Amino acid sequence: MSILLTTLNARYTHASLGLRYLLANMGALQEQTRLQEFVVGAKTTEIVERILAHAPQIVGFGIYIWNVEESTKVVAMLKRVAPHVVVVLGGPEVSYESNEQEIVKLADYLITGWGDVTFPKLCGEILHGPKPLMKIHAGVQPPMAEIKLPYSLYTDDDIKNRTIYVEASRGCPFKCEFCLSALDKTAWPFALDHFLAEMESLHARGARLFKFVDRTFNLNIKTSLKIMQFFLDKLEANPDDPVYAHFELVPDHLPDALKEGISKFPHGALQFEIGIQSFNPAVQTLVSRKQDNQKAADNIRWLTDHSNAHMHVDLIAGLPGETVESFATGFNKLWALNPHEIQFGILKRLRGTPIIRHTQEFGLVFEPYAPYTILANRDIDFPTMQRLVRFARYWDLVANSGRFGHTLPVLLGEDAFGRFMAFADWLYANTDATHRIALERLVAMVCKYLQNQGMDKDAAEALLASDYAGAKPKPVETPAPKRQARRLAA
Ligand code: B12
Ligand code: SF4
């Protein structure tokens, strides 16, 4: 074995699709290439020891925002104990602004962008010459038909225990300035029939949750319909053996044909992640996000009323021009549309993204280390931003967890944002914690807060008891995430 592909995933359940693409495309070098994944939080010495146990000549690291800090330590240690091992980096986190990155300084080579064809080529040159002269290589984007699909490389163990990521297209045609995909020129589809044949064999091998990483599933409706039909056929052929598909959607593009397809799916089989990000037209213009807000709202309403899909809708706080008040208006508007989950994200400055053009005018201040979260801007000072961060954390615990289905509407009343912000401020003042709040304690705190707000003790306890009983997830023989099962059971 001479080449090792490795990365630190965010969790064990997240299998790396990027590395499987590289392995699938190694050509003649595939025989001598292995894949070994780690999880962030693992001990650096153990990672280095396990890498070296393969006695590799080349180690290729997949570098992402969630692992760059730890990977830097791993590469530094690896180069100390085994300086002869050639380190090649790749992945989105090192594809831009790479010259200033510590990890790039420590490595021998870097491939920016797509690695599918450039990594095997570079490895061939390192192993057999001529020795590559340049340190940094721009990854070649070949025609999609030339990229070998990696799905057979998911092991039976992966299929049984991990999220199966799949990709029907790469890239995004939109230009939202906070997003790395804004740098893509367009979206490039893989040949659909070939892709679906691979999905067929994954399904035959037991895969039941397919998570599409496509930036925009509903870009080409013909393709979306064919993919949905694939899953519908599976569901119809065997209703007792459900299959789940997760897609990212743009909210303002849901033609009737797509709606008709969506409406045929049973409870929970479709999971949609929908980016709203901001309902504020001035902010949308500033960050070059084109979105018809009325259509988006109508479509989310339609999905809530007429489909069985589980909906997770994203908002971002901290965007240039977004004040707390305008964010609150957007949040309340979204809450009124009743999605299952609102993902309250805080703006991050991803390397390479054009959002930095607003730095001066809007006073954007970001954390210097990954994940580069915004700390303050012209309209939201640091303490207020921290209140929003806590709001996001508590929202996840209380609202998105699905554990407080009956209590939440009472807690939020007619002003979801304002009331939850007041609750978040109170909870923080009374617990001093945003993490590791045990469920029992959280229930007790919510109960106390409701009483502080004037609710009768018995009524508050009864309300929470109704949730606590309902909070127990119904037995689901599915790989669907637990909290989604709770939301759907509510
Ligand atoms: C799955 C995923 C996750 C998973 C983690 C997966 C894992 N393995 O652990 C989860 C859900 C946890 C996650 C979380 C986040 N994510 Co994410 N995520 C993705 C997603 C949807 C898919 C990744 C993927 O498989 N892509 C498909 C493969 C084929 O592409 P690829 O990974 O880029 O690999 C190619 C190249 O990069 C390169 N390459 C990769 N590895 C290597 C190695 C070598 C040696 C070489 C040469 C080349 C190379 O070659 C590959 C093939 O061409 C991408 C979006 C996307 N569609 O890519 C975002 C993305 C990677 N995430 C992103 C972000 C910002 C986040 C969050 C910060 C979001 C947030 N606001 O909270 C969090 C991070 C949380 C944290 N702890 O810090 C950004 C990346 C930013 C960065 N610089 O890394 C992306 C690109 C989304 C975007 N458009 O902005 N994410
Ligand atoms: S936010 Fe979504 S639509 Fe906008 S560029 Fe990124 S992936 Fe594309």
Side-chain angles (χ1 to χ4, degrees), residues 3-25 37-41 58-69 71 87-97 107 109-123 137 139-142 147 149-150 162-163 165-167 169-184 187 211-216 219 246 248-251 253 273-277 287-291 314 316 343-354 370-373 392:
I3 304 165
L4 185 73
L5 284 164
T6 191
T7 194
L8 279 74
N9 293 312
R11 292 205 196 118
Y12 164 73
T13 47
H14 298 293
S16 167
L17 180 58
L19 290 192
R20 283 167 177 74
Y21 264 107
L22 297 196
L23 183 54
N25 287 278
E37 296 170 274
F38 298 95
V39 181
V40 292
I58 301 172
V59 183
F61 283 89
I63 309 298
Y64 296 81
I65 196 167
W66 55 82
N67 69 22
V68 62
E69 302 285 320
S71 303
V87 169
V88 182
L89 304 180
E93 180 65 8
V94 283
S95 289
Y96 304 92
E97 305 173 18
Y109 297 102
L110 162 67
I111 295 173
T112 59
W114 298 14
D116 317 75
V117 296
T118 308
F119 183 68
K121 183 168 175 285
L122 185 74
C123 287
H137 299 252
V140 169
Q141 284 189 211
I147 299 179
L149 299 186
R162 307 175 77 187
T163 302
Y165 286 112
V166 302
E167 189 191 40
S169 68
R170 238 183 232 183
C172 181
F174 301 111
K175 298 275 165 268
C176 315
E177 292 178 21
F178 49 81
C179 175
L180 206 54
S181 303
L183 304 173
D184 300 333
K211 215 161 176 181
F212 282 71
V213 299
D214 302 49
R215 309 311 293 149
T216 314
L219 207 53
H246 175 111
E248 288 196 25
L249 299 189
V250 281
H253 186 52
E273 185 168 337
I274 302 175
I276 287 287
Q277 321 305 7
V287 300
S288 313
R289 184 174 170 86
K290 294 198 170 63
Q291 179 172 290
D314 298 340
I316 301 179
Q343 160 89 42
F344 183 139
I346 310 286
L347 179 65
K348 295 178 172 58
R349 190 200 83 84
L350 306 184
R351 286 181 184 277
T353 53
Y372 319 111
T373 309

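In listed order, ligands and their atoms are each counted from 1. Since we're looking at a predicted model, the values are computed, not measured. Basis for what follows: all heavy atoms, side chains included, without hydrogens, waters or symmetry-related copies.
- Protein residues having a heavy atom under 4.0 Å from any atom of ligand 1 are N9, A10, H14, L17, G18, L19, Y21, L22, G60, F61, G62, Y64, I65, W66, V88, L89, G90, G91, P92, E93, I111, G113, W114, G115, D116, F119, Y165, E167, R170, C179, L180, S181, V213, R215, K348, L350, listed by chain and number.
- Using a cut-off of 4.0 Å between Lys/Arg side-chain N and Asp/Glu carboxylate O, E37 and R20 are scored as salt-bridged.
- Here salt bridge (Lys or Arg N to Asp or Glu O under 4.0 Å) pairs that include residues 59-69, with residues two or more places apart or in two chains, number zero.
- In summary, the side chains of S169 and D214 do present a donor paired with an acceptor at a separation below 3.5 Å, with no hydrogens or angles considered.
- The option with the heavy atom closest to atom 2 (Fe) of ligand 2, from among K290, E177, R289, is R289.
- The distance cut-off of 2.8 Å around atom 8 (Fe) of ligand 2 captures these protein N, O or S atoms, sorted by chain and number: C172 SG.
- Inter-residue side-chain proximity for E273 and D314 is flagged as met; some heavy-atom pair is nearer than 4.5 Å.
- Considering only heavy atoms from C-beta on, L23 stays 4.5 Å or farther from P150 through its side chain.
- For the pair R170 and Y21, the distance from NZ or CZ to the six-membered ring centre is under 6.0 Å and the angle to the ring normal is within 45 degrees.
- Within a 6.0 Å sphere centred on NZ of K175, heavy atoms belonging to other residues, nucleotides or ligands number more than 12.
- Heavy-atom distances between E248 and ligand 2 stay at or above 4.0 Å for every pair.
- Partners of R351 by salt bridge (charged side-chain N to carboxylate O under 4.0 Å, His left out), not counting sequence neighbours, listed by chain and number: E93, E97, E100.
- A cation-pi arrangement is found for R162 relative to Y12, the charged atom lying closer than 6.0 Å to the ring centre and inside a 45° cone about the ring normal.
- Q291 is listed as a side-chain neighbour of P251, based on a closest heavy-atom distance under 4.5 Å.
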